[in-house]
K.L.:
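Have a look at this one.
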Amino acid sequence: QVQLVESGGGLVQAGGSLRLTCVASGRIFSINPMRWFRQVPGKQRELVAAFTSDGSTNYADSVKGRFTISSDNAQKTMYLQMNSLKPEDTAVYYCNAPRITTPGRVLLDTWGQGTLVTVSS
């Protein structure tokens, strides 16, 4: 069974840092570039950071210069380094894989369970 599992969330003071990790497990041939989203209760899920198909990265304007997305493809792991955190960064953070190729089938739009980040003022 293929899963995406996030970790690294928690409570941090404004100005602090956290590093989120997303690990893809299961029998996987390939994963299209993964992405980080976040969601505040009552609001739409928003894209925070993403890899593009050509290997570059995109960031939401609200996190540019503070967040950095990276990955270890061999370990099927993605990271989100979050620095200079603000109270408005408080949300549940999700990793997403648009396309995962496994033996026998292709999985579309796979999500992790989310990890809560709370930034206190």
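The residues of the chain are indexed from 1 along the displayed sequence. In this text, all values refer to a predicted model and were calculated from it rather than measured experimentally.
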K.L.:
Any ion pair linking Asp89 and Lys86 (charged N to carboxylate O, less than 4.0 Å)?
P.N.:
no

K.L.:
Applying side chain to side chain contact (heavy atoms under 4.5 Å, CB included) to Met82 and Arg66, what does each step give before you reach the verdict?
P.N.:
CA-CA 6 Å; Met82 306 186 295; Arg66 300 188 298 119; over 6 Å; no

K.L.:
Would Val92 end up clustered with Val12 when hydrophobic side chains under 4.5 Å apart are linked, directly or stepwise?
P.N.:
no

K.L.:
Look at the side chain of Glu6 and the backbone N and O of Thr115, then say whether any donor-acceptor pair between them is shorter than 3.5 Å.
P.N.:
no

K.L.:
Report the distance from atom CG of Asn96 to atom CE of Met78, rounding to the nearest 0.5 Å.
P.N.:
8.0 Å

K.L.:
Please confirm whether the backbone N or O of Leu4 pairs with a side-chain atom of Trp111, one donor and one acceptor, at under 3.5 Å?
P.N.:
no

K.L.:
Which pair of heavy atoms, one from Val2 and one from Thr102, lies closest together, and at what distance?
P.N.:
CG2-CG2, 3.5 Å

K.L.:
Are the side chain of Thr77 and the backbone of Val23 linked by a donor-acceptor contact shorter than 3.5 Å?
P.N.:
no

K.L.:
Atom CD1 of Ile100 and atom CG of Asp109: how far apart are they, to the nearest 0.5 Å?
P.N.:
10.0 Å

K.L.:
Atom OG in Ser62, atom CD in Glu88: separation rounded to 0.5 Å?
P.N.:
8.5 Å

K.L.:
Show the nearest heavy-atom pair for residues Pro33 and Pro98, with the distance to one decimal.
P.N.:
O-CD, 3.2 Å

K.L.:
Please give me the minimum heavy-atom distance between Leu20 and Gly9, naming the atom from each residue.
P.N.:
CD2-N, 3.6 Å

K.L.:
Please tell me whether Tyr94 and Val117 are part of a single hydrophobic cluster in this structure, the criterion being side-chain heavy atoms less than 4.5 Å apart.
P.N.:
no

K.L.:
Evaluate Ser25 against Lys76 for side chain to side chain contact (heavy atoms under 4.5 Å, CB included), listing each step before the verdict.
P.N.:
CA-CA 8 Å; Ser25 63; Lys76 299 183 179 64; over 6 Å; no

K.L.:
On a heavy-atom basis, which atom in Lys64 and which in Tyr59 lie closest, and how many Å separate them?
P.N.:
CE-O, 3.3 Å

K.L.:
Determine, using the 4.5 Å side-chain heavy-atom cutoff (strictly less than), whether Ile31 and Phe51 are members of one ILVMFWY cluster.
P.N.:
yes

K.L.:
So which heavy atom on Ala91 is nearest to which on Val40, and how close?
P.N.:
CB-CG2, 3.9 Å

K.L.:
If you compare all heavy atoms of Ser17 against all heavy atoms of Asn83, which two are closest, and at what distance to 0.1 Å?
P.N.:
OG-OD1, 2.9 Å

K.L.:
Say whether Val119 and Trp36 are linked into one hydrophobic cluster, either directly or through other cluster members, by side-chain heavy-atom distances under 4.5 angstrom.
P.N.:
yes

K.L.:
Ignoring hydrogens and geometry, is there a side-chain-to-backbone donor-acceptor pair from Gln3 to Gly112 under 3.5 Å?
P.N.:
no

K.L.:
If you measure from CZ on Arg35 to CG on Leu47, what distance do you get to the nearest 0.5 Å?
P.N.:
6.5 Å

K.L.:
Could you grab the distance from atom CZ of Arg45 to atom CZ of Arg38, nearest 0.5 Å is fine?
P.N.:
13.0 Å

K.L.:
Is the shortest side-chain heavy-atom distance between Leu85 and Phe67 below 4.5 Å?
P.N.:
yes

K.L.:
Measure the spacing between CG of Leu80 and OH of Tyr93 and express it to the nearest 0.5 Å.
P.N.:
7.5 Å

